[in-house]
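Below is one structure; the comments refer to it alone.
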Amino acid sequence: MAAAMVGQAFLSASVQTLIDRITSSEFRDFLANRKLNVSLLDEMKTTLLMLNAVLNDAEEKQITDPAVKQWLDELKDVVLDAEDLLDKINTDSLRCKIEQDSADKNVVPNKVMSFLSSSFSQLYWGMNSKLEAITRRLNNFAKQKDILGLKSVSLKIHKTTTTSFVNESVVVGREDDKEKLLNMLLSEEDARQKMELEADHYVNELLSRSLIQVHEHYSEETLIMHDLINDLAKVVSGNLTHLRYLDISETGLKDMPMQISKMQNLQSLTCFFVGRHQDGLRVSELKKIPHLQGKLSVLNLQNVVDSMDAVKADLKSRQQIEELELEWGSDTQDSQLTRDVLDKLQPSTNLRGLNIKCNGGTSFPNWVGDSSLSYITYLCISDSNYCFSLPPFGQLLSLKSLSISGMKSMQTIGQEFYCSNVGSSSFHPFPSLEYLKFHDMPNWEEWLPIEGEGENLPFPRLRTLSLQCLPRMILRGNFLTGLGISDIPSLMCFPNNSLPTSLTSLQIENCEKLEFLPQEVWLNYTSLETLFILNSCHSLASFPLGCFPQLKSLFIRDCPNLEFFTQVEESALTLESFYISECKSLKSMSQVQSNSLLALTDLTLGSLPNLESLPQGGFPCNLRSITIGGDDIINKLLNQRLLPASLEDLTVHDLSYLKGLQYLTSLKELGIEDCSNLESLPEDELPSSLLALGILWCPKLEER
């Protein structure tokens, strides 16, 4: 729990740091002067604010939902990449200041300054593309938050009376000030004595790394180290026998230092890397660390050559280990040995979470899925490429979240999935399951329903399903709120031509042959708020906007035969965000009334080469942000003044000329992107309200 709180605080602090830097006027001015796209910063800031609002909810849900945990882990990577890029830009900003000051004082020769300026110009061109890539990645995370059901939650202040983990922590990251870092590292005299490291040499080692994050706690019982790739053995000396918490999850280690087995007081060890033969620790060495608790990851299990080593590890007696990750780093040549090792790594019945990766066996041992694991709430199986069947996960009474991926040999999911004794008429398989995901199972063909399903219908509490296969028994229930269907090119229709009417979010991706439900059926979906269609439903020719009573967000891309948007009824639509792009056949939106779109605030129309008519009356006055492309449609909107004068944010692309902006008297931000033939801007027509102008990939315009 404490480690999770540290992780949450780190991510939240990183996001807030990014937001603060993006809003810095000095930083923005520097970007604008170097032809970097300032509008991307605004888009990034908006996305970061959206993500920051759901971080608390995500941190709570990741405990039982592996999809949310994966979302958070991947988000951390993107945030770190964003920090790296902005740090690089900031560093260059400071460097430019220094060099300019030197040039003013004739310290640096003019030829050198000319060379540096040329180098920076090329560098900034690359930074623009990196800035756009990171912004696009962050936007993808923002779209996924709705599918995962993440909500905005106010910040909770956690207080604890325990002193066993953290009293106070110091985080050091990317610190350029050696003296400041030295003071932080040496803030505790006892810690300095314990580690027996010559401080100045150690700081120099730390500063030589590209990423440094060291936490030292006044309790002197905790050490969290990231990216100290090869130096753990130096830091973890035999004198740290009182160390109780050691986090080495992101150090890049592949072998454990031999000193680890001497730390008999360790209660938390995030990772244990099984060594190769005599080069590192065997898995049996875990027996020498008897007080482990919380989460434990045992990695590189392919290095186990004798299954009796797994017996000696004695995980079954470790009642305080609540989360267990078992991972084989590569395919093993001996599938029977792999199964035996997994069998003998059986955990205690007190386990709450289990993650098995790259199991090279053809089946799972009996303990995986045994009903004795009555406390387990989340379970993830991935990349078990040679397994043909699944354990009876349906008899895990407390299981709330189940994720299965990368089982490339599986063709059929049958009765064994539900329970070991299917004949029991009183048993309901998966009684607590809320989230179920199947992914990357290319040979999966059939999902058999449970026999006698009338009385013991499985999945009574299922909320979210992501499948490459749609069983009737699941879609019959009305508990499901989120459904994602992706990468099923052969899927032609929904079972029984219907979906659960309880859905609030539906995502359909890469299902080209799938038939869209008839418009009269959609009227029954009174809870659906988010609909996402990507490269799917290729037969869809007309989209009935008025058939979705509560739809707030609509995303449609790559529907090649979509020609019209229609409005079935004249009542006001609830649509707030509307994205339509890469629909080459779209001709008309004229059947949609402008006065029915009063809730619409964000609109994107992109790559619609055959669009001839827009909603009658133009767009509503509440529209605040629009992204649109193409000479014909943009200049038609501007010349006929079909955009509301209250518009604040306009992004245009694929233009050769631009006129008629002056009536947009509330416009604050204008972005111009990917306009290879645009040579000039109507400077006398730019609204006086304009605060930010961003230009990206417009070579002729940038020459001016």
Side-chain angles (χ1 to χ4, degrees), residues 31-32 34-43 121 124-129 131-133 135-136 556-558 560 562-563 578-590 602-615 618-619 623-645 647-704:
L31 263 67
R34 297 305 186 279
K35 295 185 179 180
L36 290 173
N37 192 353
V38 178
S39 66
L40 282 176
L41 288 183
D42 296 317
E43 184 178 351
S121 178
Y124 299 139
W125 181 259
M127 284 184 179
N128 257 333
S129 61
L131 197 61
E132 185 199 20
T135 303
R136 184 168 58 248
I556 300 178
R557 180 167 181 163
D558 291 319
L562 179 62
E563 297 184 15
F578 184 15
Y579 179 105
I580 173 75
S581 180
E582 306 295 337
C583 296
K584 306 299 184 183
S585 300
L586 185 64
K587 297 178 180 178
S588 173
M589 302 176 69
S590 61
D602 296 281
L603 174 67
T604 296
L605 303 176
S607 298
L608 307 172
N610 293 306
L611 184 61
E612 300 172 352
S613 59
L614 298 167
F619 293 105
L623 192 63
R624 291 291 178 266
S625 174
I626 184 169
T627 300
I628 199 163
D631 276 332
D632 293 340
I633 186 170
I634 293 174
N635 287 289
K636 178 179 181 180
L637 287 171
L638 292 175
N639 293 335
Q640 298 182 18
R641 300 198 170 189
L642 297 177
L643 293 178
L647 190 69
E648 297 179 353
D649 186 348
L650 174 62
T651 300
V652 297
H653 55 87
D654 297 317
L655 285 178
S656 59
Y657 67 98
L658 180 63
K659 291 184 178 181
L661 291 169
Q662 65 272 23
Y663 84 94
L664 298 175
T665 54
S666 298
L667 193 65
K668 296 179 180 179
E669 301 180 15
L670 174 61
I672 304 173
E673 302 176 0
D674 206 12
C675 300
S676 57
N677 295 317
L678 185 62
E679 297 183 356
S680 63
L681 291 178
E683 298 180 15
D684 56 336
E685 295 183 5
L686 293 179
S688 59
S689 58
L690 196 65
L691 300 178
L693 173 64
I695 301 173
L696 179 66
W697 298 321
C698 304
K700 294 183 179 179
L701 191 59
E702 290 176 0
E703 288 178 1
R704 297 173 58 89

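For this chain, numbers begin at 1 and follow the sequence in order.
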Which pair of heavy atoms, one from [X] and one from [Y], lies closest together, and at what distance?
X    : Y    : result
I634 : H653 : CD1-O, 3.9 Å
L655 : N635 : CD2-ND2, 4.2 Å
I580 : C583 : CD1-SG, 3.3 Å
E582 : S607 : OE2-OG, 3.2 Å
P699 : C675 : CD-O, 4.4 Å

For L643, does its backbone N or O pair with a side-chain atom of Y663 as donor and acceptor, under 3.5 Å?
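Between the backbone of L643 and the side chain of Y663 there is a qualifying donor-acceptor contact (under 3.5 Å).
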For E612, does its backbone N or O pair with a side-chain atom of K636 as donor and acceptor, under 3.5 Å?
yes
Euclidean distance, [Y] [atom2] relative to [X] [atom1], rounded to 0.5 Å:
X    : Y    : atom1 : atom2 : result
L611 : S588 : CG    : OG    : 7.5 Å
E43  : R136 : CD    : CZ    : 10.0 Å
Y579 : L605 : OH    : CG    : 10.0 Å
S680 : K700 : OG    : NZ    : 11.0 Å
L586 : S581 : CG    : OG    : 10.5 Å
L650 : S625 : CG    : OG    : 8.5 Å

Any heavy-atom pair between the side chains of [Y] and [X] that's under 4.5 Å?
X    : Y    : answer
L658 : L638 : yes
V652 : I628 : yes
L681 : L693 : yes
P560 : K584 : no
L678 : I672 : yes
D649 : D602 : no

Report the C-alpha distance between D654 and D674 in whole Å, list the side-chain angles of each, state the deciding distance to 0.1 Å, and finish with yes or no for side-chain contact (heavy atoms from CB on, under 4.5 Å).
CA-CA 6 Å; D654 297 317; D674 206 12; 4.0 Å; yes
Considering residues at least two apart in sequence or located in another chain, which fulfil the side chain to side chain contact (heavy atoms under 4.5 Å, CB included) criterion with S585?
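Scan of S585 (side chain to side chain contact (heavy atoms under 4.5 Å, CB included), adjacent residues dropped) gives E563.
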Return all side-chain donor-acceptor pairs below 3.5 angstrom for residues 684-691, not counting sequence neighbours, or 'none' if the list is empty.
unit_1, atom_1, unit_2, atom_2, d
E685, OE1, G660, N, 2.8
S689, OG, T665, O, 3.1
S689, OG, L667, N, 3.2
S689, OG, L667, O, 2.6

Derivation of the side-chain contact (heavy atoms from CB on, under 4.5 Å) call for L608 and I633
CA-CA 9 Å; L608 307 172; I633 186 170; 5.6 Å; no
